[in-house]
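Below you'll find the structure, written out as structure tokens, and then a few comments.
The figures here come from the full heavy-atom set of this structure, side chains too, leaving out hydrogens, waters and symmetry mates. Residue numbers begin at 1 in each chain, while the letters A, B, ... track the order of the sequences.
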Amino acid sequence: MRILLIHADSIEYEVKKKTKLAEVWDKEKDSFDEVLVAFCAMESPDEVDINRIISGAVLEIKETAGKVKTDRIMIYPYAHLSSDLASPDIAKDALVLLEKELKECDFFVKRAPFGYYKAFRLSCKGHPLSELSKSITLDDVPLKTEKGQVTHTFFVMKPDGTRDDVENYMDDSAFGSLLKKELNVPVSPGGEPIHVSIMRQKELVDYEPVSDVGHMRWLPKGKLIRDLLADYVLQILLPYGATPVETPVMYDLSDKAIFEHADKFGERQYRFKSGNRSMMLRFAACFGMFSIMRDMHISPNTLPMKMYELSTYSFRHEQKGEVIGLKRLRAFTMPDMHTLCLDMKESLSCFEEQLEMGWKTGLDFGTALVAVFRSTEDFFRENEEWVKKLVVKAGVPVLIEILSERVHYWIAKIDLAAIDGQGRPIENPTVQIDVESARRFDIKYYRENGEPVFPPILHCSPTGSVERVICAILENCGTLQVPVLPTWLSPVQVRIVPVSERHINEAKTVCNLINNSRIRADLDDRDESMGKKVRDAGMDWIPFVVVIGDSEVENNNLTVTIRGKSAPNKPYKETFTVENLVELVQKEIEGKPFRPLYTHELLSKKPRYI
RNA sequence: GCCGCUGUGGCUUAGUGGUAGAGCGGCUGAUUCGUAAUCAGCAGGCCGGGGGUUCAAGUCCCCCCAGCGGCUCCA
């Protein structure tokens with residue numbers, strides 16, 4: 001919102017001509033003296049939360065009125081203050097609200113009509129405080145703490161199902177780190193997260209200077225890892241019965257359900273005008289999938305119904321200072337599954353199954369996970385035994401947070417987090433029970449008696465965002481003596497190093513054999529020394545390095561350095577036939593998705609990106 | 001968004017007001033090599049951007065941008 005404040009001896013106006021936006025108004029002219037005139041324009045970003053903007057405007061006007069010592073205010077609509085106006089209906093209501101709120105603060109308030117051409121005469125006092133221009137955005141007005149009444153209670157549930165005090169777990173373990181974060185226990189500042197340097201050094205991901213903050217460019221090796229992770233999620237969700245869909249990234253805010261769902265989450269969204277429509281960019285895949293569900297015929301016989309989308313991308317306009325590396329982005333890719341459940345009972349059993357998936361992903365990525373379960377007091381009272389069951393099954397202590405009442409769309413959720421190198425949680429997999437969205441989006445099925453039911457909906461991301469998964473994996477690498485990615489995610493799984501030029505042909509044959517066995521192999525055909533080529537293979541964290549020289553050609557075998565078994569400066573070497581090596585690698589990546597090389601097979605042809 | 005720190009060839013960096021220096025990488029040549037850097041030569045910088053102070057600015061001041069730390073926040 002833009003406001004131009006003029007402290008005036010007097011203002012008088014006369015209504016000349018109606019526009020099509022005009023409000024109902026009978027007064028032809030009016031005037032006011034010894035007055036603070038507030039010329040106002042509502043802007044499109046204000047539409048997110050008009051009430052907050054107006055309360056900000058009231059504060060601003062109050063302050064200025066106090067300084068110039070007047071209690072007389074004229075509100076004067078003045079669209080010309082902004083080139084990005086809010087819709088007229090909203091602006092009109094906003095100014096009426098402003099009038100009302102100022103009156104409640106004991107000001108004498110007059111308002112000029114909205115949507116008319118008016119002639120006006122103004123005499124500005126001209127003292128230093130008499131002319132003031134202000135811009136009020138949502139960032140200027142702190143959120144009212146409606147949640148202030150809600151109490152949060154924390155305790156730990158042990159793997160045997162009994163309760164324990166959080167104080168007993170505040171150590172340096174992963175679980176302790178989670179507790180400290182959740183309970184706001186101060187921790188010593190850490191340095192730069194290790195994944196930020198790794199992601200660039202290894203040419204996986206980089207910042208994109210010509211985009212917005214928190215939007216990344218993915219280089220071939222990083223792109224491969226992304227795609228493999230997407231394949232991985234699909235591979236666990238398809239057998240579970242999820243059906244993939246793809247939905248738009250932007251939505252029209254004039255749809256009531258869309259607006260409400262978007263509005264609930266405040267101003268951390270990308271919003272923009274497209275023609276005369278107010279649009280938003282999705283911050284999760286809920287919008288599109290709920291819209292599909294709204295238009296579906298839902299039979300109780302086909303429930304639970306699991307719908308899945310890899311939301312490339314989801315957008316969240318996080319504050320600039322919060323965006324960092326791959327941990328917190330403004331554009332990210334979220335595997336997002338929604339499960340329509342028959343009733344609460346079914347949603348609990350689906351919750352259990354989906355939580356199992358979440359725990360499993362931690363094992364598959366080699367990133368240890370810790371858990372916090374949150375629910376409303378009511379939910380916990382009714383389902384304490386079920387919660388115990390979850391914790392017993394997990395076999396690890398779980399932090400429990402009880403909210404005195406429901407503040408979000410969910411009544412229960414679990415968040416699983418990996419811990420980064422500085423002992424800070426990276427929140428990843430989650431399952432949530434949503435009891436609000438079905439009604440809002442009019443998603444329903446009918447009972448036999450014709451009674452409509454708005455079913456509970458589970459939100460589940462079995463891995464958390466792809467970017468955060470990579471973040472957690474790289475952070476984990478940073479703690480290893482000999483860092484290496486899981487073989488199935490390594491952009492190059494096998495590197496062939498010919499000892500000299502005369503071994504290149506043999507090396508090519510081996511390289512082809514391995515690539516034809518669904519293993520990613522490349523060949524260092526550069527005119528470099530052995531030492532150099534071996535060193536570079538190490539720098540690339542190649543899990544299996546094959547050397548081919550006279551002895552190998554003669555004996556028809558391969559000398560393989562296995563990174564996973566090596567200690568720093570102590571390469572572990574073993575001799576294999578091609579067939580044995582292929583078998584070994586295939587066994588290691590068994591059951592995991594495969595994609596071919598995204599980079600050139602010949603290192604001499606491989607460009608450098610960073 | 002707020003407070004703080006940082007920004008020098010593609011990368012890592014030296015340079016406290018007086019002619020921008022190195023290593024890696026790149027290119028060229030020599031070398032054809034047995035497990036973490038073979039040797040030599042060459043090219044490459046309006047020192048993040050803009051403004052100011054000064055005879056003189058990478059260096060001091062102001063504004064902006066970006067990255068990181070912290071705060072707030074993460075639906």
Side-chain angles (χ1 to χ4, degrees), chain A residues 137-143 147 181-182 184 186-194 196-197 200-201 203 206-214 261-269 282-284 286 314 316-325 327-330 332 334 407-410 413 415 417 422 424-428 430 432 434 436-437 459 464-465 468 482 495 497-504 524-542 545-553 559-563 566 568-573 607-610:
Chain A
T137 67
L138 287 166
D139 292 335
D140 302 328
V141 191
L143 210 64
K147 300 171 188 172
K181 173 77 195 310
E182 290 293 332
N184 290 321
V187 289
S188 52
E192 183 166 326
I194 189 77
V196 174
S197 49
R200 301 191 69 244
Q201 271 168 21
E203 297 191 321
D206 199 3
Y207 299 104
E208 177 49 79
V210 295
S211 182
D212 190 15
V213 171
H261 193 65
D263 202 38
K264 222 176 143 52
F265 304 134
E267 74 279 15
R268 294 198 168 207
Q269 320 168 16
R282 66 174 177 192
F283 45 78
C286 307
S314 286
R316 299 188 186 185
H317 197 97
E318 305 287 9
Q319 293 183 82
K320 213 169 135 290
E322 294 167 349
V323 174
I324 183 215
K327 192 171 182 181
R328 196 92 168 259
L329 293 165
R330 283 187 177 172
F332 57 93
M334 182 84 143
V407 283
H408 302 299
Y409 57 70
W410 49 265
K413 72 183 291 205
D415 294 314
Q422 285 96 322
R424 289 176 302 219
I426 310 167
E427 282 193 14
N428 264 347
T430 183
Q432 310 170 357
D434 177 349
E436 199 174 277
S437 297
H459 298 239
S465 81
R468 279 194 179 171
V482 180
R495 163 79 42 87
V497 179
V499 172
S500 80
E501 218 174 285
R502 67 176 178 278
H503 306 112
I504 284 189
D524 195 342
D525 61 331
R526 297 171 305 165
D527 177 19
E528 297 287 355
S529 70
M530 262 296 285
K532 172 73 177 229
K533 288 185 278 196
V534 165
R535 178 173 192 268
D536 285 349
M539 300 286 281
D540 283 346
W541 295 358
I542 312 285
V545 181
V546 173
V547 170
I548 296 182
D550 287 340
S551 132
E552 284 78 10
V553 173
T559 306
V560 183
T561 303
I562 303 176
R563 190 171 174 83
S566 301
N569 296 319
K570 275 194 203 135
Y572 172 88
K573 283 179 278 186
R608 291 182 58 92
Y609 294 88
I610 293 177

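- Taking D524(A) as the reference, R526(A) meet the salt bridge (Lys or Arg N to Asp or Glu O under 4.0 Å) condition, with sequence neighbours excluded.
- Residue contacts for E552(A): at a heavy-atom cut-off of 4.0 Å it reaches a base atom on one of the strands shown.
- The listed nucleotides are U72(B), U38(B), C74(B); the one nearest the side chain of S529(A) is U38(B).
- Taking all atoms of both residues into account, the shortest heavy-atom contact from R330(A) to K320(A) is NH2-N, 3.4 Å.
- Of all nucleotides listed (G1(B), G34(B), A75(B)), A75(B) comes nearest to the side chain of K413(A).
- Straight-line distance between the P atoms of C11(B) and G25(B): roughly 15 Å, to the nearest whole Å.
- The phosphate of C65(B) has neither OP1 nor OP2 within less than 4.0 Å of any side-chain N or O from K320(A).
- Atoms NZ (K327(A)) and C1' (C73(B)) sit 13 Å apart, rounded to a whole Å.
- Within the 4.0 angstrom heavy-atom criterion, only backbone atoms of the sugar-phosphate kind lie near Y207(A); the bases stay farther away.
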Atom pairs under 3.5 Å, N or O on each side, protein against nucleotides 24-27 of chain B: can you list them with distances?
{"residue": "G25(B)", "atom": "OP1", "partner": "K532(A)", "partner atom": "NZ", "Å": "2.3"}
{"residue": "G25(B)", "atom": "O2'", "partner": "R608(A)", "partner atom": "NE", "Å": "3.4"}

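- In this structure, F283(A) forms an aromatic stack with the base of A75(B), since both conditions hold: centre separation below 5.5 Å and plane angle below 30°.
- Among the heavy atoms of the strands lying under 4.0 Å from R502(A) are primed sugar atoms or P, OP1, OP2 only; no base atom is included.
- Of the side-chain N and O atoms in R268(A), none sit less than 4.0 angstrom from OP1 or OP2 of G1(B).
- Scanning for ring-ring contact (aromatic ring centres under 6.0 Å, His included) contacts around F283(A) gives F265(A), F287(A), with sequence neighbours left out.
- C68(B) and C61(B) are spaced 24 Å apart, taking the C1' atom of each and rounding to whole Å.
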